[in-house]
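Below, chains carry the letters A, B, ... as their sequence lines are ordered, and counting in each starts from 1.
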Amino acid sequence: MLELKGENQFKCRAYYAGARKIETLPTSVTELVATDQLAAQAGIGKALTEKIVELVTTGRLPYHERIKAELPEGLFDLLRIPDLGPKRVRTLYDKYDIDSLAKLEYVAKCGQLKDVPGFGAKTEQNVLQGIQMLKKMRGQYLLVDAVAVAQEIVARIQTTADPQRISIAGSVRRMKETVQNVDVVASGDTTRIMDALAQWERVEAVTARDKTQCSVVLDTGMGVELRVVPLASFAFALLYYTGSKDHNKKLQDRATSQFGYTLDASGLYAGEDEKPIECGSEEEVYRALDLDHIPPEMREDSGEIDLAAGASVPSLVSQEDIKGLIHMHTTWSDGMNSIEEMACAAEQLGYGYIVITDHTTSSHIANGLTEERLKQQWKEIDAVNEKVPGIRILKGAEVDIKPDGTLDYSDEILKKLDVVIVALHAGFKGDRETITGRVVKALSNPHVHIFAHPTGRLLLGREPYAIDMEAVIRAAGENGKVMELNANPNRLDLNWQHLKLCREYGVKVSIDPDAHRVDGFGCMPFGIGTARRGWITSSDAINTLDVDALLKTLHKK
DNA sequence: GCCGTTTTCGGCCCGACTGTTTTCAGTCG
C-alpha cells in the first residue's frame with residue numbers, strides 16, 4: 001500500500017524486510033513482544049517495533065487501517081496483472097481514475113490504454129491477457145489451502161459429531177493442483193454433522209441446507225459441499241462425489257452395458273427389480289464391476305478404467321517410498337535455514353539423504369554462489385556430515401541456464417558435484433524455439449542430471465513460459481536426464497499430463513521439495529499426489545532410491 | 001524505515017528484459 005501511495009521505495013522495502021523477518025522467526029512474534037526482544041532483530045527498528053507491538057497487543061493497527069481506507073480495493077487486483085506494478089497502477093488511478101479490473105479492461109479494449117504515458121500497444125495487449133488470466137483464476141484455490149480447510153472440517157466433525165464414516169471427496173481427494181471447492185462425504189447424525197460445519201467460525205454464509213446436503217461459503221470465498229448419506233450408501237457417495245465426472249460416466253456406462261446394473265451416488269442396483277448390491281468400500285464397488293481398485297488421483301478418464309479391467313493398475317508411488325530429498329536451499333543462497341538445520345529436520349522426518357542445491361552466480365537476487373563460495377560450502381557440508389551421522393548430505397547446485405543455453409558453472413566444478421540441477425530463472429518471455437533450444441542444449445551437458453520446475457508456471461500467478469515440453473522430455477530421454485516434479489504447492493511442475501509423457505519416453509522423475517526452509521519439506525505430499533496423478537510408480541522416480549543407488553543411477557556413463 | 005558509521009546522513013541486493021522511449025523507467029526474479 002505504501003508503494004501504491006508512492007512512498008520512498010526503501011521505506012517500502014523496510015516493511016518487506018520486516019515482514020520477512022517475522023515470517024522466518026524461530027519463535028512466535030507474540031513471544032518476542034512479551035520478552036521485549038523484537039527491536040533486537042535485524043531489520044526491525046523503532047518504527048516497526050512500535051507498530052508490531054501495537055498490533056500484537058491490541059489486535060489492531062490504525063496506521064494500517066488508515067492507509068487501507070485511502071486506497072480502493074480494486075487497485076490490489078490491478079497489481080496482480082503481470083507487467084503492472086505499483087508505479088503504473090498509481091498512474092492509472094491518479095490520472096485516469098482506473099481503480100478496478102473492469103474499468104481497466106474497458107479502457108484497454110477501447111484501445112485507449114496504449115496512449116497512457118509509459119504504456120504502449122504491447123503493454124495494452126499484455127494487460128488484456130493478464131486480465132483474462134485473472135478471470136480464469138477467479139474462484140480457484142491452491143490445493144494446499146483446500147486440503148487444510150478439508151482436513152480441519154473433517155477434524156471438527158469427528159470431534160463434535162461422532163460420524164460413523166467421513167472422508168474428503170472431490171477434486172481435493174484427487175489431488176488436483178487447483179480446486180474450486182471442498183467436498184466432504186459423511187454418514188451419521190445428520191443434524192450434528194451439518195451443525196459442526198455450519199457453526200464453524202470461518203463460515204461466512206450457509207447457502208443451502210436440506211436432509212442430504214449442507215453448502216457453505218467460507219471467509220476466503222471458498223465453497224464447501226458436505227453430503228450426509230446413509231451408511232449403506234457411503235462407499236457409492238464417496239465414489240460419486242470424488243469424481244471425476246468423466247470417470248463416473250465411464251463407470252456407469254460399464255455397469256449398464258456389461259452387467260445391466262445401474263450405478264449412482266446412492267448405490268449399485270441389479271436388473272429390472274433394481275435389487276441393491278451391497279458394497280462397504282470403493283474397492284468393493286470396483287470389484288462388482290470386475291475392475292481393480294483405482295486410486296482417486298487416477299480418476300480422470302485418461303485410460304485408467306482399461307488398466308483396471310486388465311488388472312494392470314500401476315502401484316503408484318507413496319510417501320513411504322521416498323528415501324531422500326533432492327533440491328533445497330540454505331542460508332548460503334536464499335534459504336532461511338543452515339545446512340545443519342535442514343539436515344536435522346530431514347533426518348527427523350526419516351529421510352536417508354538430502355541434496356543441497358543452492359543457487360549459482362547469475363541468480364544475484366538469490367545470493368547465488370560463485371564457484372569459490374561453492375567450494376567453501378563443501379567444507380561445511382563435510383563438517384555437517386561428520387556432525388550429523390544419521391543422514392547423508394550430498395553436494396549439488398541449482399545451476400542457471402544462461403541465455404545461450406550454457407551453464408553458470410564450469411564443467412570442472414559441475415563434475416565434482418553429486419547432483420546437478422539446471423533451471424531457467426530469466427528470459428521467460430522468449431519464444432518457444434528460443435526457450436526450448438536453451439533447455440535442450442543445457443540437457444546435452446554430460447554433467448547435468450535434473451531439469452527443475454520445467455514449465456516455470458506459478459499456479460494462480462504466472463502462466464508457463466513458451467516451451468515445447470515434448471521436445472524437452474525427448475531430449476531428456478536421449479541424454480539420460482531426469483525431469484523434476486517440483487512439489488512446491490505454488491508450482492506442482494511438471495503437471496500430470498507431462499508426467500505421463502515422461503513415462504512414455506522412459507524418463508525418470510525427481511519429486512523435489514525445492515525447500516527454502518525446514519518447513520518446506522511439508523510440501524512433499526502435494527508432489528507425491530501430483531506424481532500419482534501422472535501414474536508415477538516408485539521405480540519411475542529417483543528419490544525412491546537409497547543414496548548409493550541414486551548416485552550410481554545419476555553417474556553411470 | 002533501517003542501519004552503520006569515515007556515526008545523525010546517505011545508501012539500501014542487482015542485473016536482465018521489455019517496451020517504451022530516443023536514453024530510460026518499470027517490472028521481475
Item to check | dT23(B) and dC17(B), which share atom name C1', separated by this distance in whole Å | outcome: 16 Å
Item to check | Distance, rounded to the nearest Å, where His425(A) contributes NE2 and dG15(B) contributes P | outcome: 18 Å
Checklist entry - Given dG1(B), dG26(B), dC14(B), which nucleotide is nearest the side-chain atoms of Tyr63(A)? => result dG1(B)
Item to check | Pairwise P distance, dT22(B) and dC28(B) [rounded to whole Å] | outcome: 23 Å
Checklist entry - Which part of the nucleic acid does Pro82(A) contact within heavy-atom distance under 4.0 Å: base, sugar-phosphate only, or nothing? => result sugar-phosphate
Checklist entry - Between dG10(B) and dA16(B), how far is it from one C1' atom to the other, in whole Å? => result 27 Å
Next on the checklist: Suppose you measure atom P in dT6(B) against the same atom in dC12(B); what distance do you get, rounded to whole Å?
Outcome noted: 16 Å
Checklist entry - Side chain of His364(A): nearest nucleotide among dC17(B), dT27(B), dG15(B)? => result dG15(B)
Checklist entry - Hey, is the side chain of Thr123(A) poking within less than 4.0 Å of OP1 or OP2 on dT20(B), counting only N and O atoms? => result yes
Checklist entry - Near DNA chain B, under 4.0 Å by heavy atom, which residues of residues 38-56 of chain A? => result Gln41(A), Ala42(A), Gly43(A), Ile44(A), Gly45(A), Lys46(A), Ala47(A), Leu48(A), Lys51(A)
Item to check | Asp115(A) CG - dT20(B) C1' separation (whole Å) | outcome: 13 Å
Item to check | Distance, rounded to the nearest Å, where Tyr465(A) contributes OH and dC28(B) contributes P | outcome: 18 Å
Checklist outcome for this item: Taken to the nearest whole Å, CG/Asp493(A) to P/dG29(B) is 14 Å
Next on the checklist: So, OP1 or OP2 of dG29(B): does either fall under 4.0 Å of a side-chain N or O from Arg462(A)?
Outcome noted: yes
Checklist entry - Over how many whole Å does the gap from Lys87(A) atom NZ to dT27(B) atom P extend? => result 7 Å
Checklist entry - Mind checking whether His329(A) and His359(A) have parallel, tilted or perpendicular rings, split at 30° and 60°? => result parallel
Next on the checklist: Need to verify one output field. Residue with the more 5' nearest nucleotide on DNA chain B, Leu84(A) or Lys114(A)?
Outcome noted: Lys114(A)
Next on the checklist: Using salt bridge (Lys or Arg N to Asp or Glu O under 4.0 Å), reason through Arg503(A) and Asp540(A) one step at a time and then give a plain yes or no.
Outcome noted: CA-CA 7 Å; Arg503(A) 286 194 89 208; Asp540(A) 295 324; 3.0 Å; yes
Next on the checklist: For Thr123(A) and Asn126(A), which I'm curious about, is there any donor-acceptor pair between the side chains at under 3.5 Å?
Outcome noted: no
Next on the checklist: Within residues 7-19 of chain A, which residues have any heavy atom lying less than 4.0 Å from an atom of DNA chain B?
Outcome noted: Asn8(A), Phe10(A), Lys11(A), Arg13(A), Ala14(A), Tyr15(A)
Item to check | Candidate pair Trp496(A) and Glu300(A), rule side-chain hydrogen bond (donor to acceptor under 3.5 Å, both in side chains), full reasoning | outcome: CA-CA 10 Å; Trp496(A) 65 276; Glu300(A) 295 294 341; 5.8 Å; no
Item to check | dG26(B) to dT20(B) separation - C1' atoms, rounded to the nearest Å | outcome: 10 Å
Item to check | Integer angstrom distance from the C1' of dC2(B) to that of dC13(B) | outcome: 15 Å
Checklist entry - Given Asp382(A) and Lys395(A), is the salt bridge (Lys or Arg N to Asp or Glu O under 4.0 Å) satisfied, shown in steps? => result CA-CA 9 Å; Asp382(A) 290 339; Lys395(A) 293 163 186 159; 2.9 Å; yes
Checklist entry - Looking across every strand, which nucleic acid part, if any, lies under 4.0 Å from Ala121(A) by heavy atom: base, sugar-phosphate, or nothing? => result sugar-phosphate
Checklist entry - Out of Arg174(A), Arg532(A), Lys176(A), which one pairs with Glu297(A) under the salt bridge (charged side-chain N to carboxylate O under 4.0 Å, His left out) rule? => result Arg532(A)
Next on the checklist: How many whole angstroms separate atom CD of Glu3(A) from atom P of dG26(B)?
Outcome noted: 12 Å
Checklist entry - With rounding to whole Å, what would you report as the distance between dT8(B) and dC14(B) at their P atoms? => result 24 Å
Item to check | Nearest-Å distance for atom pair CG/C1', residues Leu92(A) and dA25(B) | outcome: 15 Å
Checklist entry - Going by atom types alone, do Thr544(A) and Asp321(A) pair a side-chain donor with an acceptor below 3.5 Å? => result no
Next on the checklist: Under a 4.0 Å threshold between the charged nitrogen and the carboxylate oxygen, would Lys136(A) count as salt-bridged to Glu463(A)?
Outcome noted: yes
Checklist entry - In terms of ring plane angle, is the pair His327(A) and His453(A) parallel, tilted or perpendicular, where the classes change at 30° and 60°? => result tilted
Next on the checklist: Is the positively charged end of Lys51(A) above the ring of Tyr63(A), judged by distance under 6.0 angstrom from the centroid and angle within 45° of the axis?
Outcome noted: yes
Checklist entry - When the distance from NZ of Lys402(A) to C1' of dA16(B) is rounded to whole Å, what number comes out? => result 14 Å
Item to check | Atom P, compared across dG1(B) and dT5(B): separation rounded to whole Å | outcome: 23 Å
Checklist outcome for this item: Mate of dG10(B) across any strand shown (Watson-Crick or G-U wobble, both atom pairs under 3.5 Å) is dC3(B)
Checklist entry - Looking at Arg202(A) and Asp219(A), does any basic side-chain N land under 4.0 Å from a carboxylate oxygen? => result yes
Next on the checklist: Both Pro86(A) and Leu2(A) contact DNA chain B. Which one's nearest nucleotide lies toward the 5' end?
Outcome noted: Leu2(A)
